[in-house]
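Read through the structure below, which is laid out as structure tokens, and then see the notes.
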Amino acid sequence: MPELPEVEVIRRDLVERVQGRRIQRAKIGETRLTRRRGTPHEVEAALIGRRVNALRRRGKFFLFDLGRDSLVVRLGMTGQLLWSGDGDGFRPDQHTHAHLVFSGGGTLYYRDIRKFGEMFVLPTGSVERTLGVGVEPLDAEFTLGAFREICRASTKVKSLLLNQAKVAGIGNIYADEALFRARIRPTRGAASLRVDEIRALRRAIREVLQAGIRHRGSSISNYRDACGQPGRFVALHRVYHRHGKPCVRCGSVIRKIVLGQRSTHFCPTCQR
DNA sequence: AGTACGCCCTGGCCGC
DNA sequence: TGCGGCCAGGGCGTAC
């Protein structure tokens, strides 16, 4: 479900609440959550008594820096991290599979209807290598030169954008929206892009991700921030889920196709 | 290396 | 109202 902007909104909501606090209790009640590494009990044991030095984001991953180790959380399609202070905020339900109780009050719940998300612990020093995600599109390293190198691939440009090992954090919504803003057809071969197109796409990626963060994310169905509130960016989508509707730029009918097993939306006139 | 497919899950929506 | 089929923002393993 959540892409870079949604994860970043949640991270910003949570950082003030958990940074510097100690995990007093931890409960993981779903074995699927820890399938990548360890058992629920092992992960719980690695968390209890540890202080959260920082809460960072890498692509679509949350990284809770616990010192020597880091807790890694990925939300998959329907995962949510929901905060509850003492007596207010989220109440757990049947889809709530884990929670962390923090010193000084407050509980962080992990809720995930489809259970595609995951939660595991890695040595902090090996997080980067283990996750293997590519450049952060909002960071300074995402230069035109770096993106040109990435585009030297024999794959369609949209598939490239969705490849987390190349560029971190872009998912189906923001890929379609960025390609629309750059006026590039999703089916174009990445290697066929001219320099001016790569420049436009890089700019569009950054703009659409920043706009997504500014509007607190895209809530198509069940995305919610850490306080349970939906994002407002859907109203500003120009192509995603707008198939059959007129293009906001030229009035042509927005089309929907399948590309790389994912629904893909574009304007057949504006995007070339 | 790239692509297609099945699969992991659950729920919402649509048509009948 | 009920039911089957299809769809979904992610990503992995396998086969080609």
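Keep in mind that what you see is a predicted model, and the values were worked out from it rather than measured. Protein chains get the first letters and strands the later ones, always in sequence-line order, with residue 1 at the start of each. Both backbone and side-chain heavy atoms feed into the values below; hydrogens, waters and symmetry mates do not.
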Scan for ring pair (Phe, Tyr, Trp, His ring centres under 6.0 Å) pairs involving residues 27-75 of chain A, sequence neighbours excluded, and state none if there are none.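 Not a single pair qualifies under ring pair (Phe, Tyr, Trp, His ring centres under 6.0 Å).
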
Take atom CZ in A/R35; do more than 12 heavy atoms of anything else shown fall under 6.0 Å from it?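 Yes, enclosed.
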
Quick one, which residues of residues 176-194 of chain A touch DNA chain B with a heavy atom under 4.0 Å?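 Correct list: empty, so none.
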
Can you measure [X] atom [atom1] to [N] atom [atom2] for me and round it to whole angstrom units?
X      : N     : atom1 : atom2 : value
A/I150 : B/dA1 : CD1   : P     : 16 Å
A/I257 : B/dA4 : CD1   : C1'   : 15 Å
A/Q80  : C/dA8 : CD    : C1'   : 15 Å
A/I220 : C/dC7 : CD1   : C1'   : 13 Å
A/L259 : B/dA4 : CG    : P     : 8 Å
A/Q261 : C/dA8 : CD    : P     : 11 Å

I'd like the P distance from C/dC6 over to B/dC5, given in whole Å.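 That atom pair is separated by 15 Å.
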
Give a yes or no on whether the backbone of [Y] and the side-chain of [X] come within a donor-acceptor separation of less than 3.5 Å.
X      : Y      : value
A/T155 : A/S159 : no
A/T39  : A/E42  : yes
A/R181 : A/A204 : no
A/Q164 : A/I170 : yes

Can you get from A/L55 to A/L131 by hopping between Ile, Leu, Val, Met, Phe, Trp and Tyr side chains that sit under 4.5 Å apart?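 No, A/L55 does not connect to A/L131 through the hydrophobic network.
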
A/Y110 with A/L14, same ILVMFWY side-chain cluster at under 4.5 Å: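 Same cluster: A/Y110 reaches A/L14 through Ile, Leu, Val, Met, Phe, Trp or Tyr contacts under 4.5 Å.
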
Can you list the residues that meet the side-chain contact (heavy atoms from CB on, under 4.5 Å) rule with A/A54, with sequence neighbours excluded?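 If we apply the side-chain contact (heavy atoms from CB on, under 4.5 Å) test to A/A54, skipping adjacent residues, the hits are A/Q19, A/R56, A/D65.
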
Heavy atoms under 4.0 Å is the rule here; annotate nucleotides 11-16 of chain C 5' to 3' with B where the base is hit, S where only the sugar-phosphate is, and - elsewhere. S-----

Per-nucleotide protein contact along nucleotides 7-13 of chain B, 5' to 3', at a 4.0 Å heavy-atom cut-off (B base, S sugar-phosphate only, - neither), is -BBBS--

Side-chain heavy atoms under 4.5 Å apart, restricted to Ile/Leu/Val/Met/Phe/Trp/Tyr: what other residues fall into the cluster of A/F90, or is it alone?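 A/L82, A/Y109, which link up through side-chain heavy atoms under 4.5 Å apart, make up the rest of the cluster.
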
Transitive ILVMFWY cluster of A/I254, excluding itself - 4.5 Å side-chain cut-off: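 A/F180, A/V239, A/V248, listed by chain and number.
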
List in numerical order all residues of residues 121-137 of chain A for which some heavy atom is under 4.0 Å away from an atom belonging to DNA chain C.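 Those residues whose heavy atoms fall under 4.0 Å from DNA chain C, taken from residues 121-137 of chain A, amount to none.
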
Is there a salt bridge (Lys or Arg N to Asp or Glu O under 4.0 Å) between A/R188 and A/E197? Walk through the geometry before answering. CA-CA 11 Å; A/R188 284 278 299 284; A/E197 290 177 317; 2.8 Å; yes

Any side-chain N or O of A/S159 under 4.0 Å from OP1/OP2 of B/dG2?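 For A/S159, the contact criterion (side-chain N or O under 4.0 Å from OP1 or OP2 of B/dG2) is not met.
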
Can you see if the side chain of A/K156 gets near the phosphate of B/dA4 - specifically, an N or O under 4.0 Å from OP1 or OP2?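 A/K156 to B/dA4 OP1/OP2: no side-chain N or O under 4.0 Å.
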
According to salt bridge (Lys or Arg N to Asp or Glu O under 4.0 Å), does anything in residues 108-137 of chain A pair up with another residue at least two apart or in another chain? List the pairs.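 Salt bridge (Lys or Arg N to Asp or Glu O under 4.0 Å) check on residues 108-137 of chain A returns A/E30-A/K115, A/R36-A/E118, A/R57-A/E136, A/R58-A/E128, A/R58-A/E136, A/R74-A/E118, A/D93-A/R111.
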
Checking A/E6 against A/Y174: is there a side-chain donor and acceptor pair closer than 3.5 Å?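 There is such a pair (donor and acceptor under 3.5 Å, judged by atom type) between the side chains of A/Y174 and A/E6.
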
Can you tell me which residue pairs pass the side chain to side chain donor-acceptor pair (under 3.5 Å) test with a partner in residues 233-258 of chain A, sequence neighbours excluded?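 Pairs touching residues 233-258 of chain A that pass the test: A/S218-A/H237, A/S252-A/T269.
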
Could you write out DNA chain C as dot-bracket? Rules: Watson-Crick or G-U wobble, both distances under 3.5 Å, brackets [ ] for crossings, | for pairs with another strand, dot for unpaired. .|||||||.|||||||

Is A/Y174 touching bases, backbone alone, or none of the nucleic acid, heavy atoms closer than 4.0 Å?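 Result for A/Y174 = nothing.
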
Identify, with sequence neighbours excluded, every residue that meets side-chain hydrogen bond (donor to acceptor under 3.5 Å, both in side chains) alongside A/R91.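 A/S84.
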
